[in-house]
Amino acid sequence: WNINYPKLDRFDLKRYSKILLYTPKVAFSFFFKRFQVNLADGLSLNGYLRNDTAQNSLNISDSLGCQRVLFHDNSFKESHVNENISDLELLVSQLKRKNIKPVILTPPVLPTYSKFANKIRLKRNHDIINAICAKYKCDYFDYFTDSRFVQRDFHDNDHLNSIGAEKFSKIINIEILERK
């Protein structure tokens, strides 16, 4: 769509090399395989990667959910809030100029994550998103605590697995895309 992130230096190699979009660990694993990798290996015809989720309970618990929230809280930088708002507004306005109707959504998480989330920060995020949506006339859909998602749908406390991704895709299709 020819939308550029203005803060990414025009000499940043990520603009010119897809391999630099990956973490160094992943990039080196590709290197050692002489870049003979199939990124679509294991994908079903419908585009989903099937994973055995029988053991996902090892990744899901109150203590792991709390640890994950703490990780996210420690990653949060108050000094970046206004910059992030500006970036989001820039993206939304660019999409609108190209006659693309932006939609903002919050994906689902398990209660083992959401119950530990900072309620003040969540409210602030909702207020910011709602203000942007009002300003640019776009829609916001919040699935953060959507009860249709259960442990079987998750890889860990805050990431859907292939079952949950397929379920979420169908919900998005019905509730957002077909509604337009």
Side-chain angles (χ1 to χ4, degrees), residues 5 14 18-33 37-44 46-85 87-88 91 102-133 139-177:
Y5 182 62
K14 287 187 214 78
K18 300 285 187 223
I19 195 69
L20 294 171
L21 296 173
Y22 294 95
T23 64
K25 181 179 178 182
V26 171
F28 277 117
S29 76
F30 291 172
F31 172 78
F32 290 120
K33 293 176 184 173
V37 294
N38 179 356
L39 299 178
D41 190 32
L43 288 181
S44 303
N46 64 3
Y48 292 103
L49 182 62
R50 286 285 167 203
N51 289 324
D52 179 11
T53 59
Q55 298 299 316
N56 73 341
S57 61
L58 300 175
N59 305 325
I60 298 170
S61 67
D62 279 351
S63 62
L64 291 172
C66 185
Q67 286 175 20
R68 188 73 175 152
V69 168
L70 286 173
F71 170 78
H72 287 140
D73 284 349
N74 290 333
S75 301
F76 175 79
K77 303 285 185 258
E78 181 67 37
S79 60
H80 293 175
V81 171
N82 288 334
E83 176 184 353
N84 290 338
I85 292 170
D87 289 347
L88 182 56
L91 175 62
V103 172
I104 300 173
L105 62 84
T106 301
V109 299
L110 282 172
T112 54
Y113 180 93
S114 63
K115 69 182 170 186
F116 298 108
N118 183 317
K119 306 302 183 232
I120 294 169
R121 188 169 295 145
L122 288 174
K123 182 181 180 335
R124 181 180 180 197
N125 288 346
H126 278 104
D127 292 346
I128 290 167
I129 293 168
N130 286 326
I132 290 171
C133 287
D139 295 322
Y140 173 51
F141 297 87
D142 184 2
Y143 296 97
F144 192 67
T145 57
D146 192 311
S147 61
R148 292 175 287 186
F149 294 91
V150 295
Q151 183 169 329
R152 180 176 177 270
D153 298 323
F154 287 84
H155 168 70
D156 58 25
N157 297 286
D158 62 323
H159 292 97
L160 294 167
N161 59 26
S162 58
I163 296 166
E166 183 172 2
K167 181 186 218 175
F168 194 32
S169 295
K170 289 176 181 177
I171 290 170
I172 289 169
N173 192 51
I174 292 167
E175 295 181 3
I176 300 174
L177 298 176

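Just so it is clear, the structure is predicted and the values come from calculations on it, not from any experiment. Nothing fancy with the numbering, it's 1 onward along the sequence.
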* **Under 3.5 Å side-chain donor-acceptor pair for T112 and D62** => no

* Structure fact -> When rounded to the nearest 0.5 Å, the distance separating OG of S61 from CD of Q67 is 7.5 Å

* To do: Supply the atom-to-atom distance Y143 OH to E175 CD, rounded to the nearest 0.5 angstrom.
  => 4.0 Å

* Show your reasoning for whether side-chain contact (heavy atoms from CB on, under 4.5 Å) applies to F144 and L122. => CA-CA 10 Å; F144 192 67; L122 288 174; 3.9 Å; yes

* Asked: Does D153 use its side chain to pair, donor to acceptor, with the backbone of A165 at less than 3.5 Å?
  -> no

* Decide yes or no on side-chain contact (heavy atoms from CB on, under 4.5 Å) for L64 and D156, but give the supporting numbers first. => CA-CA 9 Å; L64 291 172; D156 58 25; over 6 Å; no

* For the atom pair CD1 (I171) and CD1 (I176), what is the distance rounded to the nearest 0.5 Å? -> 9.5 Å

* Asked: side-chain contact (heavy atoms from CB on, under 4.5 Å) between L105 and D142: does it pass, once the steps are laid out?
  -> CA-CA 6 Å; L105 62 84; D142 184 2; over 6 Å; no

* Flag the pair H72 / F116 as yes when their ring centroid distance falls below 6.0 Å, and as no otherwise. => no

* Asked: Is there a donor-acceptor contact under 3.5 Å from the side chain of N173 to the main chain of S169?
  -> no

* Please name all residues satisfying side-chain hydrogen bond (donor to acceptor under 3.5 Å, both in side chains) with D127, sequence neighbours left out, ordered by chain then number. => K123

* Asked: Taking side chain as C-beta onward, heavy atoms only, is F154 less than 4.5 Å from H159?
  -> no

* Applying side-chain contact (heavy atoms from CB on, under 4.5 Å), name anything that partners T23, two or more places apart in sequence or on another chain. => K25, V26

* **Separation of T145 OG1 from K115 NZ (nearest 0.5 Å)** => 13.5 Å

* **Enclosure of F31 CZ (heavy-atom neighbours >12, cutoff 6.0 Å)** => no

* Asked: Could you state the interatomic distance from OG1 (T106) to OH (Y140), rounded to the nearest 0.5 Å?
  -> 2.5 Å

* Donor-acceptor under 3.5 Å (N59 side chain, H155 main chain) -> yes

* Please check if the side chain of D158 supplies one atom and the backbone of L110 the other of a donor-acceptor pair under 3.5 Å. => no

* Check whether any side-chain N or O of N157 sits under 3.5 Å from a backbone N or O of Y113 as a donor-acceptor pair, and report yes or no. => no

* Evaluate side-chain contact (heavy atoms from CB on, under 4.5 Å) for I104 paired with L88, printing each intermediate quantity in order. => CA-CA 10 Å; I104 300 173; L88 182 56; 4.2 Å; yes

* Asked: Which pair of non-hydrogen atoms, one from V109 and one from S114, has the smallest distance, and what is that distance?
  -> CG2-CB, 3.8 Å

* Asked: So, R152 and E166, do they make that salt bridge, N to O below 4.0 Å?
  -> no

* Asked: Which distance, rounded to the nearest 0.5 Å, do you find between the CG of N84 and the NZ of K77?
  -> 12.0 Å

